[in-house]
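Inspection log for the structure reproduced underneath, given as structure tokens.
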Amino acid sequence: MHVVVIGAGVMGVTTAWYLREAGLDVTLLDAATEPAAGASHANGGMLHASHAEPWNTPGVGLDLLRYLGREDSPLLMRPRALPGLAGWGLRFLWHSRRSAFQRHALVNARLAAFSLRETRRLNRELAGSGLDFDFRESGILKVFRDPQSQARNRHAAEAMQDEGVRFEAWETEQVINREPALAGVRDELCGGLYFPDDAIGDARRFTTGLLELARDRGLRYRPATRVRRLRTFQGRIDAIETDEGPIAADACVVASGHEAPALLRPLGLHLPVAPVKGYSLSLTMDASRRLNLPLIDDANKVVMTPLGDQLRLAGTAEFAGTDARMEPRRAANVLAQCRRTLTALPAELDRETMAPWAGLRPMSDRGTPILGPTAVPGLHLNTGSGHLGWTFACGAAALVRDGLLGRAPEASLEDFRL
């Protein structure tokens, strides 16, 4: 069976790896000239089952109104994006009802926990292959300034314990002892939640490294190849038409992020996925300034992840349509928010050593990924993971592989179908 996978981000490359390891003939296509050129390039670096909640939390509609026009806000709606988000946005708000949010949060937590197990397994099995992506099973610490927010987060963590997500509640002194870099905000903190089973890793290095291993094992990779349309014959996927000609296929997996809806539309399929922009900065840190633990700042909605000799700062959700341009004010806002927690960050990092980045994450309207077979025979999906793509990568790829091969999946695909 020849399978074409569209998209060479972390979701597409991991899917191609799992399919190739299952013995299938696989071709990977991407419009970019290199892998991980989009949302996988410089994300927050965290692999966490502990924070798998969708972004459409109860009250998100009021937050969008409250932050309208504020460049320093963690959540920003660009007015120019409203026409293109009208239908998706209404469904996004509909799924923010408490009952829907709680259900989707648990669905995501199950997939994230499974995916973390798969990531660990893959890392062990490929330990001697040269795949190095700064993977570290460090756990993740979330710190709080507001006792009420801490109590809400603790309640949510308790609800996820049945899904295998463990946590420890730390007092402020324990937080400072484990992460001395927080000493400058000791008096502001009211404690933290530590999630020992979470991990960190560089998604771009994982993607590029895994692609090279897959190519060594027979995967065909065609960069700089733009897909024009998905061709069918008698209702079934027959070929992928590209700007370099058609490629015959027995099956196709669309993992092209926020561009996927346009490919499915001519087949009569509506894919409720929209782009949400995120920002990050990568700072080179000397050994004396490196964090012991990756951090999530609850109050400022940013993450701080040590990746080798770098510190990855990431945050914000910006609804700007397909505009992937770097907005310097938004990148500067991420740095400013992180400075409120890591007060010892030296000022000279601003211009001399930081590498700013912006990328569009494909977010489904319900906040869960869209995986598996569709109503078109031979057409499968792996998209819509939003800010959790790196966390979900290995688990989602395994489920898509099982759905394509007709195997009983580790987790039910019913929760993720289009």
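All values below come from the heavy atoms of this structure, side chains included, with hydrogens, waters and symmetry mates left out.
- Between R228 and E241, no side-chain nitrogen of the basic residue sits less than 4.0 Å from a carboxylate oxygen of the acidic one, so the salt-bridge criterion is not met.
- With D134 as reference, R205 is the one residue of R205, R204, R290 to meet the salt bridge (charged side-chain N to carboxylate O under 4.0 Å, His left out) rule.
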Handout entry: Intermediate values then yes/no, side-chain hydrogen bond (donor to acceptor under 3.5 Å, both in side chains), T232 and D238
Key = CA-CA 5 Å; T232 60; D238 169 63; over 6 Å; no

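- With hydrogens and angles ignored, the 3.5 Å screen pairs no side-chain donor or acceptor of S282 with any backbone N or O of R312.
- How far CD1 of I200 is from CZ of F135: 9.0 Å, rounded to the nearest 0.5 Å.
- Rounding to the nearest 0.5 Å places CG of L193 at 10.0 Å from CD1 of I296.
- Side-chain contact check for E318 and Y279: at least one donor-acceptor pair (N or O, by modelled atom type) lies under 3.5 Å.
- Below 30°, between 30° and 60°, or above 60°: for F319 and W88 the angle between ring planes is between 30° and 60°, a tilted geometry.
- Of the N and O atoms on the side chains of Y18 and E118, at least one donor lies less than 3.5 Å from an acceptor on the other residue.
- Considering CD1 of I140 and CD of E137, their distance stands at 11.5 Å, rounded to 0.5 Å.
- Applying the ring pair (Phe, Tyr, Trp, His ring centres under 6.0 Å) test to pairs two or more places apart or on separate chains, none has a residue in residues 225-274.
- With hydrogens and angles disregarded, a donor-acceptor distance shorter than 3.5 Å links the side chain of S115 to the backbone of F392.
- Not a single donor-acceptor pair under 3.5 Å links the side chain of S364 to the backbone N or O of P272.
- In this structure, F92 has its ring center at least 6.0 angstrom away from the ring center of W55.
- In terms of modelled atom types and a separation under 3.5 Å, the side chain of K277 and the main chain of R325 share a donor-acceptor contact.
- Side-chain N or O atoms of H104 include none that pairs as donor or acceptor with a backbone N or O of T368 at under 3.5 Å.
- Between the side chains of H95 and R103, not a single donor N or O lies within less than 3.5 Å of an accepting N or O.
- No more than 12 heavy-atom neighbours from other residues, nucleotides or ligands sit within 6.0 angstrom of CZ on R226.
- The main-chain N or O of M11 is never found under 3.5 Å from a side-chain atom of T14 such that the two would form a donor-acceptor pair.
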Exercise for the section: Walk me through it: do H380 and R401 pass the test side-chain hydrogen bond (donor to acceptor under 3.5 Å, both in side chains)? Expected result: CA-CA 9 Å; H380 299 252; R401 173 205 60 198; over 6 Å; no

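- A side-chain donor-acceptor contact under 3.5 Å links T242 to the backbone of G245.
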